[in-house]
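Only one structure is covered here, and it is reproduced in the block below.
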Amino acid sequence: LEDLDDDGDKDADTDGDEIADTDEGVTHTGFATGDSRTGVWLTDGSSLTGNLTFGVDSSDDDEDETSTISVYGNNTYGERIDGALNGSLSHLGSISVVGDNSYAMRIGDSDGEGVSGDVSVTSLSATGEDSVALGVYDDITGQLSINGSVSAYGYHSLSRLNALYD
């Protein structure tokens, strides 16, 4: 591999030829390494009665205790609900995934299970090709509340690379 950007490390080889791959001066790298990781998973066929709560809303003193789930790798999930959740799901804080074909939060797999209560989230972020911030594939019988941001990006950079166009 080569150090194309002179930063002291060897840049990415995405096609296996042991040469860092570039296109018009941009080094192409994968979003993440590793595969099939999950932060929290209620597995298919299982059932949980009760609420899943991440973080604490301290309404009396404005000092919320938040929870953060960050997962790096392709085909990964921050929170994945494939089984039946007989209760509510609340996540006060952020869930982020970095990797291709990944989900920050996925509810259901189209088999009729799902969440029989409310779902409340604060911030969801997914970065990677074909990645999804929030995927709902089964019923949520209660209310879905998004109290912050939901974002999904398939780009390495969200700003224009001026050096390529000058």
Restricting to side chain to side chain donor-acceptor pair (under 3.5 Å), what partner residues turn up for [X], sequence neighbours left out?
| X | value |
| --- | --- |
| S36 | none |
| D44 | none |
| S125 | none |

Would you name the heavy atoms of A152 and A133 that are closest together and state the gap between them?
-> CB-N, 4.1 Å

When V56, T53, T122 are each screened for side chain to side chain contact (heavy atoms under 4.5 Å, CB included) with L92, the one that passes is T122

Side chains of N101 and S131: is there a donor and an acceptor less than 3.5 Å apart?
-> no

Do NZ/NE/NH1/NH2 and the carboxylate oxygens of R80 and D82 come within less than 4.0 Å?
-> yes

Would you say the side-chain atoms of [X] pair up with the backbone N or O of [Y], donor to acceptor, closer than 3.5 Å?
| X | Y | answer |
| --- | --- | --- |
| R37 | G39 | no |
| D139 | T141 | no |
| H91 | S67 | yes |
| N51 | S88 | yes |

Scan residues 93-132 for pairs that pass ring pair (Phe, Tyr, Trp, His ring centres under 6.0 Å), counting only residues two or more places apart or in two chains.
-> Y77-Y103

Any ring pair (Phe, Tyr, Trp, His ring centres under 6.0 Å) involving residues 122-144? Give me the pairs, sequence neighbours left out, ordered by first then second residue.
->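 Sorted result for residues 122-144: empty, none.
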
Just how far is it from atom OG of S120 to atom CD of Q143, taken to the nearest 0.5 Å?
-> 8.5 Å

Quick one: OG on S145 to CG on D118, what's the gap to the nearest 0.5 Å?
-> 6.5 Å

Apply the side-chain hydrogen bond (donor to acceptor under 3.5 Å, both in side chains) test between D35 and each candidate in N75, T76, N74; give the one that qualifies.
-> N75

Could you work out the complete set of other residues in the hydrophobic cluster of V150, with links drawn between I, L, V, M, F, W and Y side chains under 4.5 Å apart?
->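 Noted: V150 shares its cluster with V40, L42, L48, L52, F54, I69, V71, I81, L85, L89, I95, V97, M105, I107, V115, V119, V121, L124, L134, V136, I140, L144, I146.
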
